[in-house]
Q: 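Shown below is the structure under consideration.
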Amino acid sequence: MGRNMKKPKKQPAGPGEIGWQARKSAATRDQIISAAIRCIVESSYSKTTMMKISEKAGLSRGATLHHFPSKMDIIRAVVAYLHEKRIQAFRRSIKDIPADADMAHMAIQAYSDHVNHPIYVALFELSVAARTDQELREILHPAQIAFDREWYQTAWDLFPEWQADREAFDLALNLSQITMEGMAIRNFTHARKYDRERLLEYLEEKIRELKPSI
């Protein structure tokens, strides 16, 4: 009689269980991405391995491979995550500026704080590594182009008073971005201190000189 008993059929997962599994999977992926960013910031891109990422995330290597079959799959997700976070942070910092505030001053301070954040350290490390790593460059380059395009459009929308002179706007934006990113890179790579606030004040003066007269 025991041999003739049929095993009960496994019931398909209900909507609630599927939703819970999807949230758990997404949370684990985020955990792996965050661990990879910490590894890149703390140890460099070249020393970031699947094993180190798994250890930092508190997962087995098999669990990590289940979500990301290779290190480059993780890096691709890291790059997308970092660029999205940069755009969100910039929009949020500008949105929080009061309407009656000095927008030029506050925007420069906000972007300066942004490029000194650990997120930018990770992007800087990846950018340097991409110089000699073609596979990484093929991931990073299109993401950087997409970020620059969206960042430009965000700045254009946020500062309508500059729209009377696009050439002046482009010069001001490039001057601000390149100057502050260069200052941030110096902070990461040099011990000698400099007058950061004075440089930002001077940059602000030059930006005001470029602002179109309405």
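Position 1 is the first residue of the sequence; numbering continues from there. Given the structure is predicted, the values throughout are model-derived calculations rather than measurements.
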Q: Measuring from Ser46:OG to Leu136:CG, what's the distance to the nearest 0.5 Å?
A: 11.0 Å
Q: Is there a side chain to side chain contact (heavy atoms under 4.5 Å, CB included) between Gln109 and Glu197 once you walk through the steps?
A: CA-CA 10 Å; Gln109 291 294 327; Glu197 291 306 317; 3.8 Å; yes
Q: When you measure from the side chain of Asn174 to the backbone N and O of Asp170, does any donor-acceptor pair fall under 3.5 Å?
A: yes
Q: Between Met72 and Leu123, is there shared hydrophobic-cluster membership here, with clusters defined by ILVMFWY side-chain heavy atoms closer than 4.5 Å?
A: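 Yes, because Met72 and Leu123 connect within a single hydrophobic cluster, where side-chain heavy atoms sit under 4.5 Å apart.
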Q: If you draw a 6.0 Å radius around CZ in Arg198, do more than 12 non-hydrogen atoms from other residues or ligands fall strictly inside?
A: yes
Q: Assess whether atom CD of Glu167 is packed by more than 12 heavy atoms of other residues, nucleotides or ligands within 6.0 Å.
A: no
Q: Please evaluate residues Gln177 and Trp151 with respect to the criterion side chain to side chain contact (heavy atoms under 4.5 Å, CB included), reporting the C-alpha separation (whole Å), side-chain torsions for both, the decisive distance (0.1 Å), and the verdict.
A: CA-CA 11 Å; Gln177 185 176 17; Trp151 187 79; 3.4 Å; yes
Q: Assess whether a salt bridge exists between Glu209 and Lys206, defined as any Lys/Arg side-chain N lying under 4.0 Å from an Asp/Glu carboxylate O.
A: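 The answer is yes: the pair qualifies as a salt bridge.
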Q: Just so I know, are the side chains of Leu200 and Arg196 near enough to count as touching, which here means a heavy-atom distance under 4.5 Å?
A: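 They are in side-chain contact.
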Q: What heavy-atom pair brings Trp162 and Trp156 nearest, and what distance separates the two atoms?
A: O-CZ3, 4.4 Å
Q: Ser54 and Arg61: which non-hydrogen atoms are nearest, and at how many Å?
A: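 Here Ser54 and Arg61 meet closest at OG-CA, 3.6 Å.
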Q: Does Arg137 have any side chain to side chain contact (heavy atoms under 4.5 Å, CB included) partners at least two apart in sequence or in another chain, and if so, which?
A: Ala130, Gln134
Q: Flag yes if more than 12 heavy atoms outside Tyr81 fall under 6.0 Å of its OH atom; otherwise flag no.
A: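 For Tyr81, atom OH is not crowded (no more than 12 foreign heavy atoms under 6.0 Å).
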Q: If you measure only the distance, is there a donor-acceptor pair under 3.5 Å linking the side chains of Arg38 and Ser43?
A: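 Ser43 and Arg38 do not have a side-chain donor-acceptor pair below 3.5 Å.
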Q: Does a side-chain heavy-atom distance below 4.5 Å link Phe68 with Ile33?
A: yes
Q: Quick one, Glu181 and Tyr120 - any side-chain contact, counting heavy atoms below 4.5 Å?
A: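 Yes, side chains in contact.
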Q: Is any side-chain heavy atom of Ile74 closer than 4.5 Å to one of Thr64?
A: yes
Q: Are side-chain heavy atoms of Val79 and Gln144 found at a separation under 4.5 Å?
A: no
Q: For the CG atom of Leu199 and the CZ atom of Arg186, what is their distance to the nearest 0.5 Å?
A: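 One finds 10.0 Å between CG of Leu199 and CZ of Arg186.
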Q: How close do Leu175 and Thr179 get, counting heavy atoms only, and between which atoms?
A: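 Smallest interatomic distance, heavy atoms only, reads O-OG1, 2.6 Å.
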Q: Nearest heavy-atom pair of Ile40 and Glu125: which atoms, and what distance?
A: CG2-CG, 3.6 Å
Q: Mind checking whether Leu59 and Met51 sit in one hydrophobic cluster, side chains of I, L, V, M, F, W, Y counted as touching below 4.5 Å?
A: no
Q: What's the shortest heavy-atom distance between Leu82 and Ala122, and which atoms?
A: CD1-CB, 4.0 Å
Q: Drop me the distance from Asn116's CG to Ile185's CD1, to the nearest 0.5 angstrom.
A: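 Answer for the CG-CD1 pair, Asn116 versus Ile185, is 10.5 Å.
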Q: Applying a strict under-4.5 Å side-chain criterion to I, L, V, M, F, W and Y, I'd like to know whether Phe159 and Leu171 cluster together.
A: yes
Q: What residue pairs, at least two apart or across chains, pass side-chain hydrogen bond (donor to acceptor under 3.5 Å, both in side chains) with a residue in residues 27-37?
A: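 Checked against side-chain hydrogen bond (donor to acceptor under 3.5 Å, both in side chains) - neighbours excluded - no pair reaches residues 27-37.
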Q: Roughly how far, to the nearest 0.5 Å, is CZ of Arg149 from CD of Gln153?
A: 10.5 Å
Q: Find the distance between CG (Asp113) and OH (Tyr111) and round it off to the nearest 0.5 Å.
A: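 Nearest 0.5 Å value for the CG-OH distance: 12.0 Å.
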Q: Identify, with sequence neighbours excluded, every residue that meets salt bridge (charged side-chain N to carboxylate O under 4.0 Å, His left out) alongside Glu138.
A: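 Once residues adjacent in sequence are excluded, Glu138 has no partner under the salt bridge (charged side-chain N to carboxylate O under 4.0 Å, His left out) criterion.
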Q: Does Met183 share a hydrophobic cluster with Tyr202, counting links as ILVMFWY side-chain heavy atoms below 4.5 Å and allowing steps through other members?
A: no
Q: To the nearest 0.5 Å, tell me how far Ile145 CD1 sits from His83 NE2.
A: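 Spacing of CD1 (Ile145) from NE2 (His83) equals 10.5 Å.
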Q: Would you call Glu42 and Lys56 a side-chain contact if the rule is heavy atoms closer than 4.5 Å?
A: yes
Q: Are Lys71 and Ile75 side-chain neighbours, meaning at least one heavy-atom pair lies under 4.5 Å?
A: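 A side-chain contact under 4.5 Å exists here.
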Q: Check for me whether the distance between the ring centres of Tyr152 and Phe169 falls short of 6.0 Å.
A: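 So the answer is yes for these two rings.
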Q: Which pair of heavy atoms, one from Met50 and one from Ser70, lies closest together, and at what distance?
A: SD-C, 3.7 Å
